[in-house]
Amino acid sequence: MVCPLPSISLCMLPSLNFEQRHSFRSSLKPTSETLQRELFHKFNSPFELQQVHTLVIKTGTPLSALPLSRVASICALTPSFPYARRIFQLVDQPEISLWNSCLRDFAESDSPFDAILLFHQLRSHNVCPDSFTCSFVLKACLQLLDLFHGRIIHAFVEKLGLQFNLVLQNVILHLYSSCGQISDAILLFNKMPQRDTVTWNTMITQLGKRGDADSAYEMFLQMPERNVRSWTAMVSGFVQCGKPKEAVDLFTKMEEVGLKPNEVTVVAVLAACADLGALNVGRRIHKYSDESGFQRNIKISNTLIDMYIKCGCLEAARDVLGGMKERTVISWSTMIQGLAIHGKADEALELFSEMTQTGIKPNAVTFIGLLNACSHMGLINEGYAFFASMTRDYGIIPGIEHYGCMVDLLSRAGLLQQAHEFIKQMPIMPNAAIWGALLGGCKVHKNIEMAELAMRHLHELDSLNDGYYVVLANIYSEAKQWDNAARLRKLMRNRGLKKTLGLSSVSIKEVAHEFVAGDDTHPQFQEILKMWNQLQVHMRLKGYIPNTSVVLLDIDEKEKEKVLSRHSEKLALVFGLIRTPPGETIRIFKNLRICEDCHASFKLISEIVDREIVVRDRNRFHCFKDGCCSCRDYW
DNA sequence: GTAGGGTTAG
């Protein structure tokens with residue numbers, strides 16, 4: 001027999017200490033409050049539902065005291081479902097709202113498919129869904145990119161007469177567009193009776209993700225009202241579409257309009273600066289970000305690290321990493337990759353062990369950075385060791401990129417036969433990048449036979465890429481096989497391929513000055529030429545001999561030297577020397593790889609003019625100082 | 001209840 005004491009709330013007894021309270025409590029009949037609290041902890045399996053229910057009845061506790069949403073999530077996908085329903089029907093709360101909160105939790109959980117299962121459960125037990133039900137299930141479909149169920153729910157929305165619910169229409173639009181059904185999305189967009197900013201922003205975001213910057217921008221201009229998210233979506237879209245300049249320009253316009261960029265905008269525009277190598281804009285945004293109180297945002301810090309690295313400022317990148325209170329695997333991987341392209345393999349490897357010591361597990365991208373570091377410095381054994389370790393110690397299956405790094409590592413080091421064997425033993429089909437890496441090694445190590453073999457594969461895999469033909473033509477002309485070189489040029493012509501023009505830019509007071517190879521139409525060309533001739537006198541005294549073998553054309557030596565002296569990176573450097581004060585570091589950005597003659601020249605010039613010259617080429621950084629390059633001539 | 005962001009071989 002239960003002790004017939006009146007129900008007293010424990011909080012009415014503040015003077016009792018913990019032990020007293022505890023002994024008192026055990027002699028009391030549970031109140032609704034204590035019951036509710038305890039139920040929350042006890043509720044673990046559906047078996048206990050009946051026991052709890054019995055307790056509730058025995059103590060006369062109102063049913064609403066039960067943690068109903070917890071009951072719902074525990075019973076949702078079990079045979080106790082009907083039992084839970086019977087309880088819900090006794091509570092003064094719409095049944096569907098309980099299932100909805102459960103659906104929301106499932107949709108946001110690690111297994112969103114549970115939301116879809118629950119939806120089927122609800123349907124088969126004739127529970128009537130409402131608009132919230134649909135929105136949560138659609139959210140689950142979106143997480144899973146489950147177009148099949150998405151279409152079912154869409155049909156259901158129409159059946160329930162919810163086709164005028166703007167929120168639902170927006171989710172459906174989002175679902176179609178992110179499942180790659182852009183034409184369905186556009187169809188829906190066009191027939192929507194009303195649209196809001198979310199509708200437009202969704203379209204802009206998804207078009208940007210698909211690489212269609214033009215359509216996205218058209219929408220951006222067309223939309224009646226733009227908020228910060230609209231601008232952010234467009235800035236981000238430009239970055240994703242490989243238009244970082246447009247991204248920075250739009251960002252500037254956004255500031256002019258008086259809108260305050262938020263954390264997401266900052267990430268997007270910093271990524272644009274990284275792509276552009278726009279250090280000054282990047283620095284300004286870093287300052288803005290700090291002033292806005294974004295210091296603790298990990299994604300911003302990670303993007304800042306990447307931005308500084310890609311702008312050639314390793315020190316600044318280190319400072320950002322050093323100042324981070326919390327780091328993710330991305331923070332470390334970004335820095336490791338950064339050190340790799342700056343030729344600091346030892347530091348990259350050190351950072352890796354520091355990372356694992358702090359308990360952070362590397363991911364597939366971390367290993368790309370590590371292998372890259374080995375590759376840029378010729379660390380063959382270390383590279384093999386990392387390649388083996390990634391699977392053995394971390395269960396990461398190497399992807400095509402990892403194989404690419406290994407082929408690059410071996411080829412660069414001149415182990416061409418070994419590289420070829422490695423390719424033949426790959427468990428996945430080698431792609432153009434793999435053969436391209438081998439071809440690159442053949443150029444450095446002047447192996448015509450292997451180069452031709454690689455080219456046969458490249459011919460099949462990526463016949464429209466001019467770069468490979470140029471490399472092979474280069475190999476031929478260096479070996480003075482003019483017939484073969486000419487044959488290749490003819491092949492390129494027949495295929496409608498043109499050699500990508502060399503483009504270099506040098507930034508002076510925030511303005512990027514661009515130079516094209518061979519361009520003598522620049523207004524300051526005469527000045528540049530004069531300066532180059534002066535430099536050459538000093539260079540020749542230091543033993544400089546123009547390396548005319550890099551010139552593809554079969555022309556006389558004097559002509560070759562002329563072509564050589566007008567390489568875009570040389571024009572940019574000389575212009576930079578003229579227009580900047582002595583001692584200032586010169587930063588050059590080139591779209592292709594730096595040529596061997598320019599590399600040799602820059603080393604000498606850095607010594608002659610006593611300046612640091614930082615060149616970011618298509619692959620990595622070269623930092624010239626006191627007659628040496630940070631790549632130690634291994635590239 | 002609906003829209004967004006960070007590292008990735010050559």
Side-chain angles (χ1 to χ4, degrees), chain A residues 100-101 103-104 107 130-139 142 165-175 177-178 196-206 208-209 227-237 239-240 262-271 274 297-307 309-310 328-338 340-341 362-372 375-376 398-409 411-412 431-441 458 462 465 467-468 471 593 618-620:
Chain A
N100 284 348
S101 70
L103 280 169
R104 187 192 50 211
D130 64 6
S131 63
F132 285 78
T133 319
C134 298
S135 87
F136 296 136
V137 184
L138 282 167
K139 187 170 186 174
L142 201 55
N165 182 319
L166 188 50
V167 172
L168 283 179
Q169 294 296 301
N170 283 341
V171 191
I172 295 167
L173 186 76
H174 187 191
L175 180 73
S177 51
S178 49
D196 63 4
T197 329
V198 176
T199 322
W200 290 93
N201 290 355
T202 303
M203 287 305 287
I204 292 170
T205 304
Q206 296 301 324
K209 284 211 163 115
N227 60 16
V228 176
R229 283 190 166 207
S230 321
W231 288 83
T232 304
M234 199 58 236
V235 171
S236 189
V239 179
Q240 284 161 344
N262 65 23
E263 285 150 292
V264 183
T265 329
V266 167
V267 168
V269 74
L270 282 175
N297 186 314
I298 298 184
K299 290 182 184 182
I300 291 184
S301 301
N302 292 346
T303 319
L304 275 171
I305 295 175
D306 192 46
M307 184 275 290
I309 283 167
K310 295 205 174 127
T328 64
V329 64
I330 297 181
S331 326
W332 294 94
S333 305
T334 307
M335 195 68 211
I336 289 173
Q337 167 67 13
I341 59 169
N363 65 15
V365 181
T366 320
F367 279 99
I368 292 176
L370 285 169
L371 293 174
N372 227 281
S375 178
H376 283 298
I400 192 88
E401 301 88 346
H402 300 99
Y403 287 99
C405 293
M406 287 304 288
V407 174
D408 184 50
L409 170 71
S411 311
R412 260 182 221 267
N431 61 12
I434 298 279
W435 293 110
L438 182 64
L439 181 68
L458 287 164
D462 191 5
N465 191 327
Y468 304 129
V471 173
R593 295 191 64 177
R618 161 178 214 134
N619 280 347
R620 59 167 296 153

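Order of the sequence lines sets the chain letters (A, B, ...), proteins ahead of strands, with each chain counted from 1.
Note that CG of A:Leu138 is 5.5 Å distant from CD1 of A:Ile172, once rounded to the nearest 0.5 Å. Here A:Asp462 contributes atom CG and A:Asn431 contributes atom CG; the two are 9.5 Å apart, rounded to the nearest 0.5 Å.
Regarding A:Ile300, its CD1 atom lies at a distance of 16 Å from the C1' atom of B:dT7, rounded to whole Å. Residue A:Arg412 contributes atom CZ, which lies 6 Å from atom P of B:dG10 at whole-angstrom precision. Following rounding to the nearest Å, A:Ile341 (CD1) and B:dT8 (C1') show an atom-to-atom distance of 12 Å. As a whole-Å value, the separation of A:Leu458 CG from B:dG10 P is 15 Å. Rounded to an integer number of Å, the gap from A:Asp462 CG to B:dA9 P is 16 Å. Atoms CG (A:Asn201) and P (B:dT2) sit 15 Å apart, rounded to a whole Å. In this entry the distance linking CD1 of A:Ile204 with C1' of B:dG5 reads 16 Å, nearest Å. Following rounding to the nearest Å, A:Asn227 (CG) and B:dG4 (P) show an atom-to-atom distance of 13 Å.
If you check every strand for non-hydrogen atoms under 4.0 Å, A:Asn165 touches a base. Residue-level contact check: A:Glu263 touches the bases, meaning some heavy atom is under 4.0 Å from a base atom. In this structure, A:Ala433 reaches the bases: a heavy-atom distance under 4.0 Å links it to at least one base atom across the strands shown. Using a 4.0 Å heavy-atom cutoff across all strands shown, A:Val171 reaches sugar-phosphate atoms only and no base atom. Among the heavy atoms of the strands lying under 4.0 Å from A:Thr328 is at least one base atom, whether or not backbone atoms are also near. A:Thr205 comes within contact range of the sugar-phosphate backbone alone, with a heavy-atom separation under 4.0 Å but no base atom that close. Residue A:Ile305 is classed as having no contact, given no heavy-atom separation below 4.0 Å to the nucleic acid. Here A:Leu168 lies in heavy-atom contact (under 4.0 Å) with a base. Among the heavy atoms of the strands lying under 4.0 Å from A:Thr202 are primed sugar atoms or P, OP1, OP2 only; no base atom is included. Contacts of A:Ile400 with the nucleic acid, taken as non-hydrogen atoms under 4.0 Å apart, include base atoms. Base contact: A:Asn431 has a heavy atom under 4.0 Å from a base atom. Across all strands shown, A:Ser131 has heavy atoms under 4.0 Å from base atoms, whether or not it also approaches the sugar-phosphate.
Side-chain atoms of A:Asn262 and base atoms of B:dG4 include a donor and an acceptor less than 3.5 Å apart.
Between the side chain of A:Ser135 and the backbone N or O of A:Phe132, at least one donor-acceptor pair lies under 3.5 Å.
Distance from the side chain of A:Asp306 is smallest to B:dT7 among B:dA3, B:dG5, B:dT7. For A:Lys310, taking side-chain heavy atoms from C-beta onward, the closest of the listed nucleotides B:dT8, B:dG5, B:dG1 is B:dT8. In this structure, of B:dT8, B:dA3, B:dG1, it is B:dG1 that holds the atom nearest to the side chain of A:Val167. Distance from the side chain of A:Asn170 is smallest to B:dT2 among B:dT2, B:dG1, B:dG5. Side-chain proximity of A:Lys299 to B:dG5, B:dA9, B:dG4: nearest is B:dG5. Side-chain proximity of A:Gln337 to B:dG4, B:dA9, B:dT2: nearest is B:dA9. For A:Val267, the listed nucleotide lying nearest its side chain is B:dG5; candidates were B:dA9, B:dG5, B:dT8.
Regarding contacts with the backbone of B:dT2, a side-chain N or O of A:Lys139 is found under 4.0 angstrom from either OP1 or OP2. Distances shown here put every side-chain N or O of A:Arg620 at or beyond 4.0 Å from the OP1 or OP2 atom of B:dG10. Proximity of A:His174 to the phosphate of B:dG4: a side-chain N or O atom is located under 4.0 Å from OP1 or OP2. Dashed line: the shortest gap from a side-chain N or O of A:Lys209 to OP1 or OP2 of B:dA3 is not under 4.0 Å.
When every heavy atom of A:Ile400 is checked against every heavy atom of A:Ile434, the shortest pair comes out as O-CD1, 3.9 Å. Closest heavy-atom contact between A:Ala107 and A:Phe136: CB-O, 3.5 Å.
Partners of A:Ser375 under the side-chain hydrogen bond (donor to acceptor under 3.5 Å, both in side chains) rule, at least two apart in sequence or in another chain, are A:Asp408, A:Arg412.
Side-chain atoms of A:His174 and A:Asn170 include no donor-acceptor pair closer than 3.5 Å.
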